[in-house]
Amino acid sequence: MAISLSGIKPTGKLTLGNYIGALRNFKAMQEDYENFIFIADLHALTLPIDPIELKTNTLDIVAFYLAAGLDPEKTTIFLQSDVSEHSELNSIIQNYLYMGELSRMTQFKDKSRKLNDSAIGLGLFAYPALMCADIILYNADIVPVGEDQKQHVELCRNLVHRFNTRYGKEIFKMPEPVIPKVGARIMSLSDPTKKMSKSDPKGDIFLKDDLNIIRKKIMSAVTDTGNEILFDKENKPGISNLLTIYSALKNKTIEESVQEFSNLHQYGEFKKMVANAVLDELGPFQTRYKEIISNRKYINEVLEKGAIRAKKIAHKTLIKVKKTVGLYVHE
Ligand code: ATP
Ligand code: LTN
């Protein structure tokens with residue numbers, strides 16, 4: 001069975017962007033792939049974060065994974081920091097990535113721009129090395145992510161090629177990013193030219209928001225002049241974003257949704273239908289989340305079982321890499 005792997009870093013409250021671009025696709029993978037889904041808690045440390053907040057965010061993501069339908073019998077759910085092989089492989093493969101290519105990463109440029117030079121941590125710069133270790137430890141064939149993470153997976157592909165060429169064999173499998181056709185980049189509702197982002201929230205819909213608040217946020221989303229429901233990212237970014245949200249949640253193509261609304265010449269009515277689509281999805285999701293988050297024993301069991309299963313595979317890869325590069329492994 002081919003292998004799928006992905007993760008989310010617990011840096012803040014998850015948004016509808018995370019749900020559409022990532023979370024909901026993780027479940028789709030568990031039927032056809034051997035599925036590894038983790039919480040990238042080590043990555044969350046690449047920017048300053050309060051320890052209590054980190055822990056709360058982490059537990060929330062586990063509950064979100066389960067509420068989204070990940071089945072611990074089919075998907076290995078675990079914390080990155082529970083499997084020390086991630087850090088060990090990171091310290092080996094970081095030597096095969098170059099400063100030049102790391103400094104070209106858009107995420108690094110965006111995040112470091114907001115900091116003083118003296119406050120940019122080494123971990124933020126080296127972020128993609130750890131991400132690459134996450135991927136290759138499990139021999140992932142595919143990596144389902146939103147648009148913004150594609151560049152990191154591409155960098156990992158370069159590393160795989162470089163490493164395999166250097167050692168003359170297929171040590172690592174070549175991973176493929178899988179980006180959703182609709183909803184790979186959900187934009188902010190108050191500024192549809194900016195990505196909806198959990199660490200830089202602007203008019204975002206959070207997965208835990210009260211349903212009435214969610215409706216209000218959608219009804220007051222920034223739209224554009226005119227009254228036609230058309231997909232035009234340049235001239236109608238607000239309407240295009242709402243069309244994307246609607247289409248993704250209804251499993252429709254953008255064209256199908258545009259067709260559906262072709263007789264509607266009122267943004268208000270359109271927004272109501274988008275809000276209904278979001279509430280239909282998030283209502284039951286929130287009910288499941290509340291049940292799971294109050295059952296800490298179950299969450300612990302899922303994570304413990306997941307870490308044991310993940311470690312078995314990760315350890316094998318680490319030994320193979322150590323042998324390949326010439327580190328002495330006691331036989
Ligand atoms: P941060 O603001 O801390 O960088 P983020 O909201 O961008 O966080 P990540 O943890 O980086 O979230 O991403 C988790 C997953 O969600 C990734 O696969 C990412 O591509 C996806 N994702 C994040 N934001 C969006 C968005 N606005 N639209 C679609 N997918 C998204
Ligand atoms: N960088 C990703 C989280 C992440 C990840 C990974 C995703 C860390 N390691 C490996 C896929 C595969 C993010 O910010 N969403």
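For ligands, and for the atoms within them, numbers begin at 1 and follow the listed sequence. Just so you know, these numbers use all the heavy atoms, side chains as well, and skip hydrogens, waters and symmetry mates.
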Check your understanding: Near G183, which atoms of ligand 1 are under 4.0 Å from a heavy atom of that residue?
Key -> 29 (C)

**Study point:** Close residues, ligand 2: non-hydrogen atom nearer than 4.0 Å
**Key:** L5, S6, G7, K9, F38, A40, H43, Y127, M131, D134, I135, V143, V145, Q149

Output side-chain donor-acceptor pairs under 3.5 Å for residues 125-132, partner residues at least two apart or in another chain, one line each.
none

Check your understanding: Taking atom CD of Q259 as the centre, does the number of heavy atoms from other residues, nucleotides or ligands within less than 6.0 Å exceed 12?
Key -> no

Practice item. Could you pull out, from I39, D148, D204, the option with a heavy atom nearest to atom 20 (O) of ligand 1? Key: D148

Practice item. For T15 and D204, test the side chains for any donor-to-acceptor distance below 3.5 angstrom and give the result as yes or no. Key: no

Check your understanding: For ligand 1, which atoms, with element, lie under 4.0 Å from some heavy atom of A22?
Key -> 15 (C), 16 (O), 18 (O)

Review point. Just checking, any donor-acceptor pair under 3.5 angstrom between side chains of N57 and D60?
Key: no

Point to revise | Sole candidate of F26, Y289, F206, Y19 that passes ring pair (Phe, Tyr, Trp, His ring centres under 6.0 Å) when paired with F64 | key: Y289

Exercise for review: Just jot down the ligand 1 atoms closer than 4.0 angstrom to any heavy atom of K111, in number order.
Suggested key: 1 (P), 2 (O), 3 (O), 4 (O)

Check your understanding: Are any of the heavy atoms in A184 under 4.0 Å away from ligand 1?
Key -> yes

Exercise for review: Consider only side-chain N and O atoms of Q80 and H43, and report whether a donor and an acceptor are under 3.5 Å apart.
Suggested key: yes

Exercise for review: Please say whether N18 places an N or O atom under 3.5 Å from an N or O atom belonging to ligand 1.
Suggested key: yes

**Study point:** Close side-chain approach of V160 and K173, heavy atoms under 4.5 Å
**Key:** no

Practice item. Could you tell me which atoms of ligand 1, counted from 1 in the order shown, lie closer than 4.0 angstrom to a heavy atom of I8? Key: 10 (O), 14 (C)

Exercise for review: Please determine if D82 and K311 form a salt bridge, counting it only when a charged side-chain N lies under 4.0 Å from a carboxylate O.
Suggested key: no

Point to revise | Atom indices of ligand 1, in the order listed, that fall short of 4.0 Å to a heavy atom of K9 | key: 1 (P), 3 (O), 4 (O), 8 (O), 9 (P), 10 (O), 11 (O)

Practice item. Show which atoms of ligand 1 fall inside a sub-4.0 Å distance from at least one heavy-atom site of K195. Key: 5 (P), 7 (O), 23 (C), 24 (N), 27 (N)

Practice item. Inspect the contact between K272 and E269 and indicate whether a charged nitrogen and a carboxylate oxygen are less than 4.0 angstrom apart. Key: yes

**Study point:** Sub-3.5 Å N/O-N/O distance, G7 and ligand 1
**Key:** no

Check your understanding: Between R185 and ligand 1, which part of the residue brings a heavy atom under 4.0 Å of the ligand: side chain, backbone, both or neither?
Key -> backbone

Check your understanding: Going by the order shown, which atoms of ligand 1 are within less than 4.0 Å of some heavy atom of T11?
Key -> 3 (O)

Point to revise | N-O pairing of K195 and D148 below 4.0 Å | key: yes

Exercise for review: Indicate yes or no: does K250 engage E256 in a salt bridge with an N to O separation below 4.0 Å.
Suggested key: no

Exercise for review: Measure the distances from the heavy atoms of T15 to every atom of ligand 1 and state whether one is below 4.0 angstrom.
Suggested key: no

Exercise for review: Answer with side chain, backbone, both or neither: which part of V145 has a heavy atom less than 4.0 angstrom from an atom of ligand 1?
Suggested key: both

Check your understanding: Going by distance alone, is a donor N or O of one side chain under 3.5 Å from an acceptor N or O of the other, for D191 and T193?
Key -> yes

Point to revise | Min N/O separation Q107 to ligand 1 under 3.5 Å | key: no

Review point. Should E73 and K305 count as an ion pair when the cut-off is N to O under 4.0 Å?
Key: yes

